[in-house]
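Below: one structure, written as structure tokens.
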There are 2 protein chains.
Amino acid sequence: MLDTESLTTDALCRSILKRHRETIAVQKPDFAVRKLNVIITAALKISNRKGFHAMSLRDLAEESGVSMGGLYAYFDSKTTLLRMILGEVSSVVEQVLSDPPPEVAGDPLNHLKWLIATHVRLTEAMLPWFSFAFIEAKNFPPLERRMAVDSEERTEQYFAEVINSGIKNGCFDPDTSPLIAALVKPLLQDWYVKRAKYRRRKVTVEAYIEAVVRLITSACLGSGVVPHRVV
Amino acid sequence: MLDTESLTTDALCRSILKRHRETIAVQKPDFAVRKLNVIITAALKISNRKGFHAMSLRDLAEESGVSMGGLYAYFDSKTTLLRMILGEVSSVVEQVLSDPPPEVAGDPLNHLKWLIATHVRLTEAMLPWFSFAFIEAKNFPPLERRMAVDSEERTEQYFAEVINSGIKNGCFDPDTSPLIAALVKPLLQDWYVKRAKYRRRKVTVEAYIEAVVRLITSACLGSGVVPHRVV
DNA sequence: GTCTAAATCGAGCGAACGCTCGAAAATAGG
DNA sequence: CCTATTTTCGAGCGTTCGCTCGATTTAGAC
């Protein structure tokens, strides 16, 4: 369904360490990963409560149990910490969505369903990371902002491609609105942006996937009756 | 269609003045409204570029041309300025959406279409205000956060009510997913949250409304064929 | 033109910010 | 157990923050 082994905080921190080896002063990987885990978990916790900008490094030091100066063995500026998290999120999204299982690869309808389900499950497994990325991407340096916009655009591309190939295949309505691919994204984002609301209403992951799949596929399958194709 | 006269920055500032008369030290309404306009326009401009928290009052003083101390004749704290803007936004939403024209009031399908179109046009007319409200509502004090959540919940209610009455009326599919009302919101928000993207792609307001209306109404009208109702 | 009340100003306050650095503690090989 | 290296620490640096307040300018009635 979705390999959640590589999505544990530990695995993600190992990946972050690999990506930022030169800016992380700590040598021994065991030390580094363990502390990175603690630091990033704390950073996500505080940021998701009051925002990254409002989180001071003293807040972070207290919550993580790592001293002020100790933090700077793991990043050289607060912005680098931001970049570590955002970078990891867009890397994972790319990695997961670009690799559909063989049984859906040739079938646009099932591929579309798979994209939706996998995206929702991925964001569920990495909830604090995605909340963070969504909320913080807006108000930050041009470079980081671009990273987020590009990552999102790439995600939309996956949907656009599968919908287009479905139209060419003949299994999707050729009149499908070209905006559908763009409109899938906010539907998927709502799951983690407003997670508290859905939790309160006891909406399960499966129910949410089902609702989005029905909404989107029915738009792609046309008016519901057998299409006037087959020229 | 949508009365945009009461949505000019001037009219909105007049409303803000009325709501915060006791915290605004300036007596003469003309003076107050004119400066409020300047201050809030500047605040929206800076905040939408780099975030409300990152906007210093010195930034605001420079951009608006009002001195440091002068600003404090219009609000008693930076948080109050935030509250003024958020409060005005949710007030306007409430005001506009709660007042459907008589010709759609009894007709769920047209009422639903009207809600979608009016919401998109409203957010288009007050773009900087809605961008601000969406981005900033997340990372701020409990009270302000609640304000935003409640306002959003109320908006969703309008959709839930019209869909339910449509189901009871027999003009909507009784199998319509109970999540549809919740899913309309992110679709409407995308218009102003990702406004830059749609501008770049030359998507017009009308085209966007059309796409969302088609997506949602087709979900409410059931499988497309004549429903198996009429017991 | 004069006077009074309203409106505006900006230097300055204490607090909190991101970040540094020399000292202290922990780790591991011989 | 000693020593060399790595990791951790937290007081302190310069800067900027939200905010205040006495001085100054402006507006309008007579």
Side-chain angles (χ1 to χ4, degrees), chain A residues 13 16-17 20-40 42-43 46-47 49-85 136 139-141 144, chain B residues 13 16-17 20-40 42-43 46-47 49-85 136 139-141 144:
Chain A
C13 288
I16 288 177
L17 175 61
H20 292 85
R21 225 186 262 285
E22 68 276 16
T23 68
I24 296 180
V26 175
Q27 302 296 326
K28 301 171 190 174
D30 291 356
F31 277 64
V33 170
R34 201 179 316 131
K35 277 265 163 103
L36 257 184
N37 191 324
V38 167
I39 292 171
I40 287 186
I46 304 173
S47 293
R49 186 161 11 95
K50 57 172 175 172
F52 183 77
H53 202 102
M55 171 189 77
S56 76
L57 291 175
R58 286 165 183 83
D59 290 340
L60 182 55
E62 186 174 8
E63 175 75 32
S64 66
V66 178
S67 72
M68 195 84 264
L71 292 175
Y72 277 79
Y74 294 89
F75 48 79
D76 52 16
S77 81
K78 201 185 170 192
T79 304
T80 298
L81 174 60
L82 175 75
R83 211 182 344 252
M84 283 176 172
I85 301 177
E136 304 305 337
N139 5 346
F140 264 97
E144 285 71 24
Chain B
C13 288
I16 289 178
L17 174 60
H20 292 85
R21 225 188 258 285
E22 67 276 17
T23 68
I24 296 180
V26 175
Q27 302 297 326
K28 302 175 190 174
D30 292 354
F31 277 64
V33 170
R34 202 179 317 132
K35 277 263 163 103
L36 257 183
N37 191 323
V38 167
I39 293 171
I40 287 186
I46 304 173
S47 292
R49 185 158 15 92
K50 58 172 174 172
F52 182 77
H53 202 103
M55 172 190 77
S56 77
L57 291 176
R58 286 167 183 82
D59 290 339
L60 182 55
E62 186 174 7
E63 175 76 31
S64 66
V66 178
S67 73
M68 194 86 266
L71 291 174
Y72 277 79
Y74 294 90
F75 49 79
D76 52 14
S77 81
K78 200 185 171 191
T79 303
T80 298
L81 175 60
L82 174 75
R83 208 178 352 247
M84 284 177 172
I85 302 177
E136 304 304 339
N139 1 340
F140 264 96
E144 285 70 26

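Every chain is numbered from 1 and lettered A, B, ... according to where its sequence line falls, protein lines coming before strand lines.
Rounded to whole Å, atom P of C:dG18 lies 7 Å from atom CE of A:Met68. In this structure, CZ of A:Arg34 is placed 12 Å from P of D:dT7, rounded to the nearest angstrom. Note: CG (A:Asp76) to C1' (C:dC21) measures 16 Å, nearest angstrom. If you take CG of B:Leu82 and P of D:dG18, they are 13 Å apart, rounded to a whole angstrom. Whole-Å rounding puts the A:Tyr74 OH to C:dT20 P distance at 17 Å. Per the geometry, CD belonging to B:Gln27 stands 14 Å off C1' belonging to C:dT8, to the nearest Å. Atom pair A:Lys35:NZ and C:dA26:C1' shows a separation of 10 Å (rounding to whole Å applied). The distance between atom CZ of B:Arg58 and atom P of C:dC17, rounded to the nearest whole Å, is 16 Å.
Within 4.0 Å (heavy atoms only), B:Ala25 reaches sugar-phosphate atoms of the nucleic acid but no base atom. In this structure, A:Phe75 reaches neither bases nor backbone, as no heavy-atom distance under 4.0 Å exists between it and the strands shown.
Listed candidates were C:dC9, D:dC19, C:dA7. Nearest to the side chain of B:Tyr72 is D:dC19. Of all nucleotides listed (C:dA6, C:dC19, C:dA11), C:dC19 comes nearest to the side chain of A:Leu57. Minimum atom distance to the side chain of A:Ser67 is reached by D:dC9, of the listed C:dC17, C:dT8, D:dC9. For A:Val26, whose side chain is taken as the heavy atoms from C-beta onward, the closest listed nucleotide among D:dT8, C:dC9, C:dA6 is D:dT8. For B:Ser77, whose side chain is taken as the heavy atoms from C-beta onward, the closest listed nucleotide among D:dT6, C:dT27, D:dC19 is D:dC19.
We find the OG1-CE distance between B:Thr23 and B:Met84 to be 4.0 Å, quoted to the nearest 0.5 Å.
Heavy-atom distances to DNA chain D give each of B:Lys28 and B:Gly69 a nearest nucleotide, and the one nearer the 5′ end belongs to B:Gly69. Projected onto DNA chain C by closest heavy-atom contact, A:Gly70 and B:Gly70 fall at different nucleotides, the more 5' of which corresponds to B:Gly70.
For the OP1/OP2 pair of C:dC17 and a distance below 4.0 Å, the side-chain nitrogens and oxygens of A:Lys78 include no atom meeting the criterion. Look at A:Ser56 and you'll find a side-chain N or O under 4.0 angstrom from OP1 or OP2 of C:dC17.
Within the 3.5 Å criterion, the main-chain N or O of A:Arg34 finds no donor-acceptor partner in the side chain of A:Asn37. Listed for the B:Glu63 side chain is no donor-acceptor partner under 3.5 Å among the backbone atoms of B:Ala61.
Residues A:Ala43 and A:Leu60 come closest through the heavy atom pair N-CD1, 3.6 Å. The two residues A:Lys78 and A:Phe52 have their closest heavy-atom pair at NZ-O, 3.0 Å.
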